[in-house]
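Proteins get letters first, then strands, A, B, ... in listed order; numbering begins at 1 in each.
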Amino acid sequence: MEYNFTEIEKKWQKKWAEAGVFNAENNSKKPKYYVLSMFPYPSGPLHMGHASNYSIGDAITRYKMQQGYNVLQPIGYDSFGMPAENFAILNNSHPSITTENNIKIMREQFQMLGIAIDWSRELATSRSNYYHWGQWLFKKLYENGLVYRKSSWVNWCDECQTVLANEQVEDNKCWRCDSEVRQKDLVQWFFRITKYAEELLDFSKVIDWPERVKAMQTNWIGKSHGTEVDFPLENSEKVIKVFTTRPDTLFGVTFMALPPEHPLVTQWLTDPAVKPDLASFCQKVINEDKIARSSADTTKEGIFSGHYCLNPVNGDRVQVWITNYVLMDYGTGAVMAVPAHDQRDFEFAKKYQIDMKLVINKPDSDLVLAEMTQAYTEEGVLVNSGEFSGLPSEQSKEKITSWLAEKSMGNKTVTYRLRDWGISRQRYWGNPIPVVHCEKCGIVLVPDADLPVQLPMNVQVGKTTQNPLLSVDDWVNTPCPKCGAPARRETDTMDTFVDSSWYFARYTDPQNDKAPFDINTANYWLPVDQYIGGIEHACMHLMYARFFHKFMRDIKLVSSDEPFARLLTQGMVLKDGYKMSKSKGNTVDPQEFIDRYGADTIRVFVLFASPPEKDVEWSDDGVKGAFRFLNRLWVFFQNLPTEFKKQLPTNSADTLQPAIKDLRYSTHYTIKFIKEDYEQRMQFNTNIAALMEHFNLLFSIKDTQNLNTSEKDVYRQACLILPILLYPYAPHLAEELWEICGHTSFVHEFGELDYDPKFLQKDEVTYVVQINGKIRGKVEVSADATDDAVKQAAMQIDNVAKSLEGQTIKKIIVVKGKLVSIVI
RNA sequence: GCCGAAGUGGUGAAAUAGGUAGACGCAGUGGACUCAAAAUCCACCGAGUGCAAGCUCAUGCCGGUUCGAGUCCGGCCUUCGGCACCA
């Protein structure tokens, strides 16, 4: 007989589907558990990353099923966007065709892997019954003042022919296609995510997120406390507002630094009397690449504007310079320069021979301005600072800020690094922005009754230099919904991250055609109890989804504060130390291994190789190892005598031979170990190791026919826990073994196993004996022995006695049940 | 520079509250079965030293606390990830 995994896996997949065991029940009285793995792009068949991701999610799902929860594990496809569009171009087809084709292939593969998915809830973001509600949410955002349109310099990828959000640019390269990103001035739609900056910093409402992800988002949002100070412009009503984290250096300001984009500069440039070199400098800097400009090693350049402003604390005349090192979109877009105490300002002042003024002195020694080769940026004591001289810098920050506030010349303030989310994409395969541009009425939202704005299908996709939608005249030209005059549709589509920002909520009520989802149903399921996905989305999807969720809460669509209560960031599957990729040619096709060893083998391998957050190095031998384990189990149960099948006994007899007593201990210990692991750390690799260990012990007991009745009960129990504990990792084989044992119900219906602490008490305990911390022997002592008895037993060990000869014992420490430590 | 994570055999990794370092697996070695191979089963498997009992060394490096440190504390080194002319 042979372990025919193909047949076994098909058989159980069919049985599960027929019985509908994975269908989750909305608004059930049972406690719910919502497990979600980040949905895939349908741009080809499943890869190993998916196999790993869903194996983890499925282990959790099945365990929760065993615990009796009403479990929801849905699946969907992130089917709009570049990967899907590019796949179609490559195959000389239309994305609507290739996408649905790929979905079909992926669906079959998920089924072949035996993932416990509620297929009735399947969705795809490119289907109009889904994107309809994305458009509806866009309108809600718009109506709540969270959408605006502005012209700005944006990240442009020539390869993808579209704009990228800041989060989607890595190292000045496109996060998706890795080609160089350049700056382009375009009119864009933005979501005001910055309105939620403060709340996004607060992770107190999540239950368990990796510190790493929280730190990354916190970094990205970049909150900074400081003071806003008004510098009145000389001979003008205007003020220059600056943001500074160092109000203590305010008396040391010797110039003001503005970027050429600053509105004040723009206005100066309109003056016909403006010097030509000033205008040409500004032009030059603006045309420079934004990213090159904001890199720290770019040489600082500037030009004196001819204008002065006044320092509010001492009335000093301050030169206003236009420079290339100040960023328009951070803080107020203006910097008060303190050369003596800021390295950048120091370099700039040296280069252009601008005055410096020392206002912070070292606490213990005197600084001499003329001798300084770099700025003094540390804390110190204020000097040359009027009434604030003599104060330590930390204290003076508060004092100077309140002084400014009293005089209405400044205020305590907070700035964030986070920018609003640019969601316009100039690509065809995305969710159309539901807006019509009318010459008379301006921007008009498409009325709810006309939603969804259907994406036209008669579009030739391919390499284009403009958005393909622009060429679909009968789609673009449409009457204004307000006045009926001829108008044009918005042709930008939404970033696909918009689609993925609320899909977890749609799963709760995926067929709803009146609303994105029913509020009560969503509130029954949300938040997602366990989310699983890659770390690469820390500052993208995971932040956008939190933003959307908080918005949906504010408009009363959901009642929870966070979308994902627990987050597990799974590692990648590597081959030869690198992430698998087609370009590197180091991919492994999961299908090939499913065909050769079965789905259970792949699942056990990826879960056993390392803990879920860590990368897994693919190993063909490792897969064979996993297969060996499953095969051994199958053979074992094939040969298991009938008397060890069926009913799970509880046994409390004490007259057992030692090997069987150990087996009973192992049975209860394994149950306990795995249960606690699920609750505390989810390290499936050690769970599977514990299962192997238990099975190895069981396997080593050969003479089962001569056991007495109680011993046989113990043996039977040791056997029957295996399919139950194996179920989350290798569900097909677990069901098969359970059936071999004579059961007609599914494994999960048995419920959760419980251990009896009584059997975790050993009557003999091994004590390790140390002398001065070095191990000198071991001794078996009865578990209820007194400390003194343990000491006596320890001293009698030959090796210990020998080492103690002629030595004075200073102290003996007995750690109950563990060791004896003798100090000499 | 700031923030975060990690460094353990040939190898993937264990060690849950400071208590036997290397569980479990892979690879390897020897053996059984076989004409042979595969599969399977049994045994060994950190380094050094010893006939052996044993002893010594060993968790990136250097110190410290402790009867006892992979684990705690101080100081470094390396690698990976995030942020960065952010005022």
Does [X] have a side-chain nitrogen or oxygen under 4.0 Å from the phosphate oxygens OP1 or OP2 of [N]?
X	N	result
A:Arg344	B:G1	no
A:Lys811	B:C67	yes
A:Arg632	B:A39	no
A:Arg628	B:C41	no
A:Arg776	B:U56	yes
A:Asn685	B:A23	no
A:Tyr330	B:A87	yes
A:Asn219	B:G81	no
A:Lys241	B:A87	no
A:Arg212	B:C3	no

Go ahead and name the base partner of [N]; Watson-Crick or wobble counts if both distances stay under 3.5 Å, otherwise write none.
N	result
B:U40	B:A32
B:A5	B:U79
B:U56	B:A47
B:G25	B:U11
B:C72	B:G64
B:C86	none

Of the candidate nucleotides [options], which contains the atom at the shortest distance from the side chain of [X]?
X	options	result
A:Asp621	B:C26, B:C86, B:A13	B:C26
A:Val335	B:A27, B:A13, B:A87	B:A87
A:Ser610	B:C24, B:A13, B:C3	B:A13
A:Val326	B:G25, B:G19, B:A87	B:A87
A:Lys774	B:C24, B:U56, B:A15	B:U56
A:Leu327	B:C86, B:C41, B:C3	B:C86
A:Pro611	B:U20, B:A14, B:C85	B:A14
A:Thr245	B:A87, B:C41, B:G82	B:A87

Taking only the [atom1] atom of each, what is the distance from [N] to [M] in whole angstrom?
N	M	atom1	result
B:C62	B:C77	C1'	10 Å
B:G48	B:G63	P	25 Å
B:U59	B:A13	C1'	13 Å
B:G64	B:C51	C1'	42 Å
B:C72	B:G7	P	11 Å
B:C44	B:G22	P	15 Å
B:G70	B:U56	P	16 Å
B:A53	B:G4	P	50 Å

Length of the line joining [X]:[atom1] and [N]:[atom2], which is rounded to integer Å:
X	N	atom1	atom2	result
A:Met682	B:A14	CE	C1'	19 Å
A:Lys778	B:A53	NZ	C1'	15 Å
A:Asp677	B:C24	CG	C1'	14 Å
A:Ile535	B:G4	CD1	P	15 Å
A:Glu693	B:A15	CD	C1'	12 Å

**Request:** Compare all side-chain heavy atoms of A:Lys214 with those of A:Arg212 and state whether any distance is below 4.5 angstrom.
**Result:** no
message: For A:Met409 and A:Val229: C-alpha separation, side-chain torsions, deciding distance, then whether side-chain contact (heavy atoms from CB on, under 4.5 Å) applies.
response: CA-CA 6 Å; A:Met409 290 193 289; A:Val229 189; 5.8 Å; no
Discussion item. Test side-chain hydrogen bond (donor to acceptor under 3.5 Å, both in side chains) on A:Thr413 and A:Asn411; report intermediate values, then the result.
Written reply: CA-CA 6 Å; A:Thr413 183; A:Asn411 243 316; over 6 Å; no
[X] near the nucleic acid: base, sugar-phosphate alone, or nothing, with a heavy-atom cut-off under 4.0 Å?
X	answer
A:Gln770	base
A:Asn696	sugar-phosphate
A:Asp342	nothing
A:Ser619	nothing
A:Asn799	sugar-phosphate
A:Gln683	sugar-phosphate
A:Gly625	sugar-phosphate

Subject >> A:Lys351 and A:Glu347: CA distance, side-chain angles, deciding distance, salt bridge (Lys or Arg N to Asp or Glu O under 4.0 Å) verdict >> reply: CA-CA 6 Å; A:Lys351 181 169 175 185; A:Glu347 284 164 29; over 6 Å; no
Closest to the 5' end of RNA chain B, once A:Glu676 and A:Ser700 are matched to their nearest nucleotides, is A:Glu676
Result for 5'-nearest mapping on RNA chain B, choosing between A:Ile775 and A:Ile822, is A:Ile775
Between [X] and [Y], is any side-chain donor less than 3.5 angstrom from a side-chain acceptor?
X	Y	value
A:Thr194	A:Asp420	yes
A:Thr227	A:Thr401	yes
A:Tyr63	A:Asn687	no

Regarding B:A84, purine or pyrimidine glycosidic angle vs 90° from 0 gives anti
B:G9 glycosidic conformation (syn if within 90° of 0, otherwise anti) is syn
Under 3.5 Å, is there any donor-acceptor pair linking the side chain of A:Lys300 to the base of B:C85? yes
Centroid separation A:Tyr352 to A:Phe255 less than 6.0 Å = no
Over-ring placement of A:Arg632 relative to A:Phe695, 6.0 Å and 45° cut-offs: no
inquiry  = Between A:Gln217 and A:Leu201 (side chain of the first, backbone of the second, donor and acceptor by atom type, cut-off under 3.5 Å), is there such a pair?
reply    = no
